[in-house]
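Note sheet for the following structure.
All figures in this text were calculated on a predicted structure; none of them were measured in a lab. No hydrogens, no waters, no symmetry mates; every other heavy atom, side chains included, goes into these values. Within every chain, numbering begins at 1; the chains are lettered A, B, ... in the order of the sequence lines, protein sequences first and strands thereafter.
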There are 2 protein chains.
Amino acid sequence: MISKSCKYAIRAALYIASKIDEKVKLSVKEIAFEIDAPEAFTAKILQNLTRHKIIFSTKGPYGGFYVEQSNLKIPLINIVNAIDGLSIFEDCGIGLQECSDIHPCPFHNDYKVIRNGILSIYTNNTIGKFSKELMSGETFLKSI
Amino acid sequence: MISKSCKYAIRAALYIASKIDEKVKLSVKEIAFEIDAPEAFTAKILQNLTRHKIIFSTKGPYGGFYVEQSNLKIPLINIVNAIDGLSIFEDCGIGLQECSDIHPCPFHNDYKVIRNGILSIYTNNTIGKFSKELMSGETFLKSI
DNA sequence: TTTATAAAGGATATATATATCCGTTTTGGT
DNA sequence: ACCAAAACGGATATATATATCCTTTATAAA
Ligand code: FES
Ligand code: FES
């Protein structure tokens, strides 16, 4: 469904948000390490998130990536939109050019339910909600 | 989730099954046209399905691809397994190396529900069920 | 037995996604 | 003013998925 890049993006944004209280800017190097992603590629993704104002950045010494309180209200669907776009939520489950109620594929009814379920996960959860779970140690961003 | 190849495979298998009553073997050319897929690539996928005994084929004049009644009982998950494998149903929603109940990512609980829902669609529907819907004109394998 | 037909299979090509590299720009500290 | 740190941005490389091409093999009919 969502691309590998988008998964990195979500992990990165959540990691940065989970450090909001430390009031320190994070380097690409640290972020990439903490989310278990390649460094140079993570850099590209962070640039993208910055352009979309999902996170902030400053250059130079003591610079890096960070979020403000306002960013915590952003739903995760905004990240998906920034990286993959939203058309994935309109695609047919077995690749017909158009997903349509009046010209449906055999999966259509079942698939629509699932697809909307996925959309809901991204829409109903914010960066703040998930980053809070990370802070408390309930959830994690990389495997052991 | 599933690959483009897998979507072609499902469309192809369902198309062939939907023609079971005509008692005629179908060529790659016809199948590819009817499911709106590239011909040479469809050929590869059909070979794969044949090797996995999801469909049958015979070479030579009047040869082609076909299914028997017994194939109609095959659930769609078998096609997914043949093309993509089943590991996709164990993957983490945001790409952690392991999806784990005791070391979960922030999406884990929600994602597991969705992922099992998708698995159910493939497990609970057979080639026969969906091909019957195609025969009756309720559903379609390519866009208008 | 010859011929035509159609799938099988191996080799290769193209497209897309993922990943890296390196010079440029910005910025804070000295 | 100068230097060092760190993100930015463009170019390039690699990996994977998708797609094509061509030769071989099997089969049915004449
Ligand atoms: S037409 Fe296939 S999912 Fe809607
Ligand atoms: S750990 Fe991410 S979905 Fe299970």
Rounded to whole Å, how long is the line connecting atom [atom1] of [X] with atom [atom2] of [N]?
X     : N      : atom1 : atom2 : answer
A:Q47 : C:dT20 : CD    : P     : 15 Å
B:L46 : C:dA8  : CG    : P     : 8 Å
A:E30 : D:dA5  : CD    : C1'   : 15 Å
A:K29 : C:dT20 : NZ    : C1'   : 15 Å
A:R51 : D:dC8  : CZ    : P     : 9 Å
A:N48 : D:dA7  : CG    : P     : 16 Å
A:Y66 : D:dA6  : OH    : C1'   : 14 Å
A:I45 : D:dC8  : CD1   : C1'   : 15 Å

Measure from the ring center of A:Y8 to the ring center of A:F41 and say whether it is less than 6.0 Å.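 Centroid distance A:Y8-A:F41: below 6.0 Å, so yes.
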For the residue pair B:Y122 and A:F107, is the inter-centroid distance of their aromatic rings smaller than 6.0 Å?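 Yes - the distance between ring centres of B:Y122 and A:F107 falls below the 6.0 Å cut-off.
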Listed by chain and number, what are the salt bridge (charged side-chain N to carboxylate O under 4.0 Å, His left out) partners of A:D101, not counting sequence neighbours?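 A:K112.
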Please step through side chain to side chain contact (heavy atoms under 4.5 Å, CB included) for the pair B:L134 and B:L141, ending with a clear verdict. CA-CA 8 Å; B:L134 288 165; B:L141 288 177; 3.7 Å; yes
N/O contacts under 3.5 Å, protein versus nucleotides 17-21 of chain D?
residue, atom, partner, partner atom, Å
D:dT18, OP1, B:K4, N, 3.1
D:dT18, OP2, B:S5, OG, 3.1
D:dA19, OP1, B:K4, NZ, 3.4
D:dA19, OP1, B:Y8, OH, 3.4
D:dA19, OP2, B:Y8, OH, 3.0

Check the pair B:Y66, B:I55 against side chain to side chain contact (heavy atoms under 4.5 Å, CB included), reporting the backbone distance first and the verdict last. CA-CA 6 Å; B:Y66 63 100; B:I55 58 177; over 6 Å; no
Tell me if a side-chain donor or acceptor on B:N125 pairs with a main-chain N or O of B:I121 at a distance below 3.5 Å.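 Answer holds: yes.
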Short question: side chain of A:H103, backbone of B:K142 - any donor-acceptor pair under 3.5 Å?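 Yes; at least one donor-acceptor contact below 3.5 Å.
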Among A:E68, A:K73, A:Q69, which residue meets the side-chain contact (heavy atoms from CB on, under 4.5 Å) test with A:N71?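 By the side-chain contact (heavy atoms from CB on, under 4.5 Å) criterion, A:N71 pairs with just one of A:E68, A:K73, A:Q69: A:E68.
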Within 6.0 angstrom of B:E138 CD, more than 12 heavy atoms from elsewhere: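 Enclosed.
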Any base atoms under 4.0 Å from A:I83, or only sugar-phosphate, or nothing? Heavy atoms, all strands.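 Result for A:I83 = nothing.
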Every protein N/O within reach of nucleotides 25-29 of chain C N/O, cut-off under 3.5 Å:
residue, atom, partner, partner atom, Å
C:dT26, O4', A:K59, NZ, 3.4

